[in-house]
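So that the names make sense, note that chain A is the first sequence line, chain B the second, and so on, each numbered from 1.
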Amino acid sequence: MPILSGLDALPRVLAALVLVIVAAGIAWWQKVDLERDIGVATVRSFVQLIAIGYILEAVFDTTNPLFIVLILMVMTTIAGYTAGQRGAGVPNARLVAGVAIAAGTLVTLGLLVGLRVFRFEARLIIPIGGMVIGNAMTTCGLVLARLRDEIKTTRTQIEAALALGATPRQSVAGQLRRVLKSGLLPVIDSTKIVGIIQLPGTMTGMILGGATPLAAVQTQIIVLYMLLGAAAFSALATALLGYRGFFSAAYQVQHVPQ
Amino acid sequence: MLDVRHLTYTTVDGTTLLKDISFQVAPKAIVTLMGPSGSGKSTLLRTLNRLNEPAPGTVWLKERDITTIPVVELRRAVGMVFQSAALFDGTVADNVRYGPALLKQRLSDAECVALLAQVGLPAELLERNIGLVSGGQAQRVAFARALANQPSVLLLDEPTSALDPAATLMIEQLVRDLRDRLGLTFVWVTHNVAQARRVSDRTLLLVNGIVADWGDTGHLLDDTHHDLVQRFALGEDVSQLPVQPGGPHANP
């Protein structure tokens with residue numbers, strides 16, 4: 001039995017508003033001058049979430065796989081743009097991030113659907129794709145920023161390697177190892193401590209939705225492994241695509257930010 | 001050995017750093033490129049192994065336009081030692097083995113020790129971490145690392161500028177030895193007039209990307225009639241002075 005369902009939930013949402021009134025009351029009492037902000041945040045979050053709820057209702061009802069792919073592509077494009085901004089200074093950063101996120105998402109979702117872990121339905125693929133893309137975006141951003149910094153700070157070593165006859169890939173082998181490590185460590189760390197320090201979102205959501213803890217754990221484990229795989233693949237794709245822009249066809253270092 | 005013809009180099013932002021440079025380097029010669037800071041010495045050196053693109057203009061290595069030589073092959077033939085030793089993380093042996101390892105060849109310990117001996121370093125340094133060698137030793141390891149590729153030309157980009165006088169003199173002696181023993185050709189960037197006089201056969205004086213003079217080192221530096229050279233030798237900033245391209249000793 002779900003804890004919240006349909007319009008029955010409305011009185012409970014209103015009851016939760018009491019907490020907002022308490023927060024606003026504390027703000028007024030302590031003269032922190034945040035009552036207005038609390039009001040705006042409350043109204044905005046209410047409107048935004050109701051709107052997305054209706055959009056998701058409509059989207060989840062679709063059975064056209066092309067529409068699902070289109071939505072995933074839009075999400076990937078936005079994620080690539082965002083991660084690319086984080087990696088400003090890397091040549092074609094947005095394109096690199098977009099392609100890497102798309103590749104990571106394609107491989108991860110392809111495997112999950114191919115192995116029949118999830119069915120290819122909008123109601124499953126869109127939220128799962130959103131998690132994969134969001135996670136890959138964070139990793140790509142980290143990898144791009146670190147790649148730029150590594151190439152900038154070790155340019156002399158890279159040129160020394162090139163001067164000894166190394167190809168661009170050989171000249172940045174050590175740098176790419178460090179870049180991948182730094183991009184993946186946050187995901188690995190959060191996977192390590194899961195369940196000990198924090199209960200992850202999927203599990204919490206499912207338990208609140210009425211699922212048993214064991215069913216929630218099962219899904220959460222799939223999600224964690226999926227995110228780890230997507231992060232690893234996207235990080236690798238980002239690093240392997242990203243370094244190329246720093247080299248000319250004649251193996252010269254170029255476009256290094258000052 | 002090397003023949004530079006009408007070389008001009010312009011950066012991506014449109015700044016011209018080298019203007020119509022021509023000179024030749026004979027086999028087994030030691031040529032110094034001298035000039036004030038920002039005159040284009042290092043830029044010129046880096047075009048000789050295509051770390052910078054030599055265009056327009058051409059650089060010929062043993063009668064071959066270097067842009068027609070596969071770049072990896074060119075850089076193995078024309079080695080380079082940088083201002084900072086630019087060693088890689090790991091041991092001295094890891095560094096010495098780097099070039100051959102790129103071709104899947106593994107130098108034996110004996111071969112590494114022989115290379116260290118070429119540059120005057122003892123065998124016990126082989127397994128030492130590069131973080132634990134002195135500045136002078138590090139620069140010698142950089143020479144050994146370059147020699148492992150068996151180059152015919154070595155480009156030196158101010159290799160002694162961070163070293164003390166004793167280590168500097170040892171590197172100068174090393175370069176003369178390598179020329180005499182292995183028949184190597186050297187192009188050496190320096191801003192040190194005394195060093196050019198000690199080590200080189202010929203000198204090219206570069207000012208604002210233009211060849212201000214080029215010729216036999218002794219003649220060029222001793223010519224009391226060439227005002228620009230004399231003022232540079234006295235430590236004056238000559239980058240603001242008018243430059244007559246070619247100079248009185250030019251003999252391309």
**Prompt:** Under the 3.5 angstrom rule, does the side chain of E159(A) hit a backbone N or O of L51(B) as a donor-acceptor pair?
**Reply:** no

**Message:** Within the supplied structure, the quantity of interest is the number of heavy atoms (other residues, nucleotides, ligands) at a distance under 6.0 Å from R177(A) CZ; does it exceed 12?
**Reply:** no

**Prompt:** Would one find more than 12 heavy atoms of other residues, nucleotides or ligands at under 6.0 Å from atom CZ of R181(B)?
**Reply:** yes

**Nearest atoms (heavy-atom pairs only) where A161(A) meets Y98(B)** = CB-OH, 3.4 Å

**Asked** Near Y225(A) OH, under 6.0 Å, is it more than 12 heavy atoms from other residues, nucleotides or ligands?
**Response** no

**Message:** So for atom CG, which belongs to D89(B), do other residues, nucleotides or ligands contribute more than 12 heavy atoms lying within a distance under 6.0 Å?
**Reply:** no

**Prompt:** Is it the side chain or the backbone of N52(B) that comes within 4.5 Å of chain A heavy atoms, both, or neither?
**Reply:** backbone

**Message:** Is E53(B) close to chain A through its backbone or its side chain, or both, or neither, when contacts mean heavy atoms under 4.5 Å?
**Reply:** both

**Item:** Engaged part of R145(B) at the chain A interface, taking heavy atoms whose separation is under 4.5 Å
**Value:** both

**Asked** Under a 4.5 Å heavy-atom cutoff, which of V72(B), V71(B), L102(B) has the most pairs with chain A?
**Response** L102(B)

**Complete:** One should read off an interatomic distance between T47(B) OG1 and Q252(A) CD, to the nearest 0.5 angstrom, of 10.5 Å

**Prompt:** Can you tell me how far OG1 of T154(A) sits from CZ of F88(B), rounded to the nearest 0.5 angstrom?
**Reply:** 10.0 Å

**Message:** Check this for me: R169(A), atom CZ, are more than 12 non-hydrogen atoms of other residues, nucleotides or ligands nearer than 6.0 Å?
**Reply:** no

**Message:** If we define contacts as heavy-atom pairs under 4.5 Å, which of Q254(A), H255(A), Q157(A) has the most with chain B?
**Reply:** Q157(A)

**Item:** Residue Q150(B) excluded, over 12 heavy atoms near CD under 6.0 Å
**Value:** no

**Item:** Heavy-atom pair of closest approach, residues A160(A) and F82(B)
**Value:** CA-CE1, 3.5 Å

**Request:** Examine whether an atom of L87(B) lies under 4.5 Å from a heavy atom of chain A, and if so say whether it belongs to the side chain, the backbone or both; otherwise answer neither.
**Result:** backbone

**Q48(A), CD: over 12 other non-hydrogen atoms inside 6.0 angstrom** = yes

**Considering all heavy atoms, the nearest R50(B)-A250(A) contact** = NH2-CB, 3.3 Å

**Item:** L164(A) side chain near R75(B) side chain, heavy-atom distance below 4.5 Å
**Value:** no

